[in-house]
2 protein chains.
Amino acid sequence: MTRTIILYGLSLAVLIFFLKFIEYRFLVRDLSMEFYVGAVAIFFTALGVWAGLKLTRKKTIIITNPAFQFDQGRLDSLGISKREYEVLELMAKGLSNQEIADKLFVSLNTVKTHSSNLFLKLQVSRRTQAVQKAKELQLIQ
Amino acid sequence: MTRTIILYGLSLAVLIFFLKFIEYRFLVRDLSMEFYVGAVAIFFTALGVWAGLKLTRKKTIIITNPAFQFDQGRLDSLGISKREYEVLELMAKGLSNQEIADKLFVSLNTVKTHSSNLFLKLQVSRRTQAVQKAKELQLIQ
DNA sequence: GGAACCTTCACCCGAAAGGGTGATTCTTCT
DNA sequence: AGAAGAATCACCCTTTCGGGTGAAGGTTCC
């Protein structure tokens, strides 16, 4: 969020220079002020949309899934690593091991290893059970 | 969405009148143009934030409400039979075909036939996809 | 530097799943 | 009575999954 604010500030700074430039051009050439103001309005509307979405994205995700909240602690307590979690997520989407491998740019064997470890940690023996259990444990969804 | 656009348009109209008013005031009083442009910028930034959020909120609301209600009509429209639906439900619990067969007191081959037909009707090719899609279509869960 | 862990990959083997076809029995609808 | 669909089962074959083992490179921590 702080990064977004800084970006917004920087955008403003850049924009001020830009505005000063076109202000000069318009005034020198004696063009209408409405045009200038219109440009400002469009710029800041776009900037507002961007900043607004950026700042509230995290909130909207939470709103989107009221029941679910990502909990690193639960993953840690089960000993599930980052990569294993990624495999789990794609598994839940119904992808095959080969498709997961393609998506994560690793080999099929690697995905198999991850999924095997995942099954051990979740104490299941099939991917459908893993997905089911992960949803129960609020690990995904 | 259309309502939002209309609201946005109306806001713009109101704003133009308002801007004309303060433009007049500022020019008459010979205040700095930067101040005027700043006001415009602030207005349109706020407007952009509001419009941006407004336009994306509906998506989240739809996702937010996964209230499940059994709908025979949806099953009928897909041509999914009672037995196929039972297989689907057990599938979603993470059971293997053999376990489903034992639970429904039928042979493994029968479960395979049901699941094959199910996959055709759901237009998927794997059980994990079937479960995923069935949840999307609000058939189960 | 060594221990522990993660990530990556390989190979083997058996089990499970999926696709295709065909066939029988039963109910339901016309 | 005949058509249509559902439910049942079988056999074939291919693909995918899962379990087991081993190993190499990279981090992190002590």
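What you see is a predicted model; the values in this text were computed from it and never measured. Chain letters run A, B, ... following the sequence lines, proteins first, then strands; residues in each count from 1.
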Trainee: Are more than 12 heavy atoms from other residues, nucleotides or ligands located less than 6.0 Å from atom CD of Gln123(B)?
Mentor: no

Trainee: Do any side-chain nitrogens or oxygens of Asn97(B) fall under 4.0 Å of OP1 or OP2 in dA16(C)?
Mentor: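 Asn97(B) to dA16(C) OP1/OP2: no side-chain N or O under 4.0 Å.
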
Trainee: Indicate yes or no for a side-chain donor-acceptor contact from Thr110(B) to the backbone of Val106(B) under 3.5 Å, with no hydrogens or angles considered.
Mentor: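 Between the backbone of Val106(B) and the side chain of Thr110(B) there is no qualifying donor-acceptor contact (under 3.5 Å).
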
Trainee: Grouping I, L, V, M, F, W and Y whenever their side-chain heavy atoms are under 4.5 Å apart, do Leu88(A) and Leu108(A) come out in a common cluster?
Mentor: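 Different clusters.
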
Trainee: Would a single hydrophobic cluster contain both Ile80(A) and Leu120(A), if residues Ile, Leu, Val, Met, Phe, Trp and Tyr are joined by side-chain heavy-atom contacts under 4.5 Å?
Mentor: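 Per the 4.5 Å side-chain linkage, Leu120(A) and Ile80(A) are not co-clustered.
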
Trainee: Could you give the CG-to-P distance, from Leu118(A) to dC17(D), as a whole number of Å?
Mentor: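 From Leu118(A) CG to dC17(D) P: 14 Å.
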
Trainee: What is the distance, to the nearest angstrom, from the CD atom on Glu86(B) to the P atom on dT8(D)?
Mentor: 8 Å

Trainee: Could you check whether Arg83(A) pairs with Glu86(A) (Lys NZ or Arg NE/NH1/NH2 to Asp/Glu carboxylate O, under 4.0 Å)?
Mentor: yes

Trainee: Examine distances only and state if a side-chain atom of Arg127(B) and a backbone atom of Gly94(A) form a donor-acceptor pair shorter than 3.5 Å.
Mentor: no

Trainee: Salt bridge (Lys or Arg N to Asp or Glu O under 4.0 Å) between Lys93(B) and Glu99(B): does it pass, once the steps are laid out?
Mentor: CA-CA 11 Å; Lys93(B) 286 188 183 175; Glu99(B) 287 167 342; over 6 Å; no

Trainee: Expressed as a whole number of angstroms, how long is the span from Arg127(B):CZ to dT15(D):C1'?
Mentor: 14 Å

Trainee: Will you find, in the side chains of Gln129(B) and Ser125(B), an N or O donor that is under 3.5 Å from an N or O acceptor?
Mentor: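 Judged by distance alone, the side chains do pair up.
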
Trainee: For the residue pair Thr128(A) and Met91(B), establish whether any side-chain heavy-atom pair is separated by less than 4.5 Å.
Mentor: no

Trainee: Taking CG from Asp76(A) and C1' from dC5(C), how many angstroms apart are they, rounded to a whole number?
Mentor: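 Taking CG of Asp76(A) and C1' of dC5(C), I get 13 Å after rounding.
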
Trainee: Round to a whole Å and report the spacing from CG of Leu88(B) to P of dA7(D).
Mentor: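 Taking CG of Leu88(B) and P of dA7(D), I get 14 Å after rounding.
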
Trainee: Shortest non-hydrogen contact from Ile140(A) to Val131(A)?
Mentor: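 Closest heavy-atom pair between Ile140(A) and Val131(A): CD1-O, 4.1 Å.
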
Trainee: Give the rounded distance in Å between these two atoms: OH of Tyr85(A) and P of dC6(C).
Mentor: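 After rounding, the reported distance stands at 17 Å.
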
Trainee: Tell me which nucleotide among dG19(C), dC17(D), dA17(C) gets nearest to the side chain of Ser125(B).
Mentor: dG19(C)

Trainee: Pull out every protein N or O sitting under 3.5 Å from an N or O of nucleotides 7-12 of chain C, one pair per line with the distance.
Mentor:
from, atom 1, to, atom 2, distance (Å)
dT7(C), OP1, Arg83(A), N, 3.3
dT7(C), OP2, Ser81(A), OG, 2.2
dT8(C), OP1, Arg83(A), NE, 3.0
dT8(C), OP1, Arg83(A), NH2, 3.0
dT8(C), OP2, Arg83(A), NE, 2.9
dT8(C), OP2, His114(A), NE2, 3.0
dC9(C), OP2, Ser107(A), N, 2.6
dC9(C), OP2, Thr110(A), OG1, 2.8
dC9(C), O5', Thr110(A), OG1, 3.4
dC9(C), N4, Thr113(A), OG1, 3.0
dA10(C), OP2, Asn109(A), ND2, 3.3

Trainee: Let me know the distance between CG of Asp102(A) and P of dT16(D), rounded to the nearest Å.
Mentor: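 Value for this atom pair: 11 Å.
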
Trainee: Please write out the pairs of protein N or O atoms and N or O atoms of nucleotides 28-30 of chain D separated by less than 3.5 Å, giving the distance to one decimal.
Mentor:
none

Trainee: Would you mind reading off the distance between Arg126(A) atom CZ and dG18(D) atom P, rounded to a whole angstrom?
Mentor: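 Spelled out: CZ on Arg126(A) to P on dG18(D) is 8 Å.
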
Trainee: Using rotation axes that map the C1' atoms of four end pairs onto the next four (five pairs an end), what angle separates the end axes of the helix from dG1(C)-dC30(D) to dT30(C)-dA1(D), to 10°?
Mentor: 50°

Trainee: Using only atom types and a distance under 3.5 Å, with no angle test, would you say the side chain of Lys121(B) pairs donor to acceptor with the backbone of Gly79(B)?
Mentor: yes

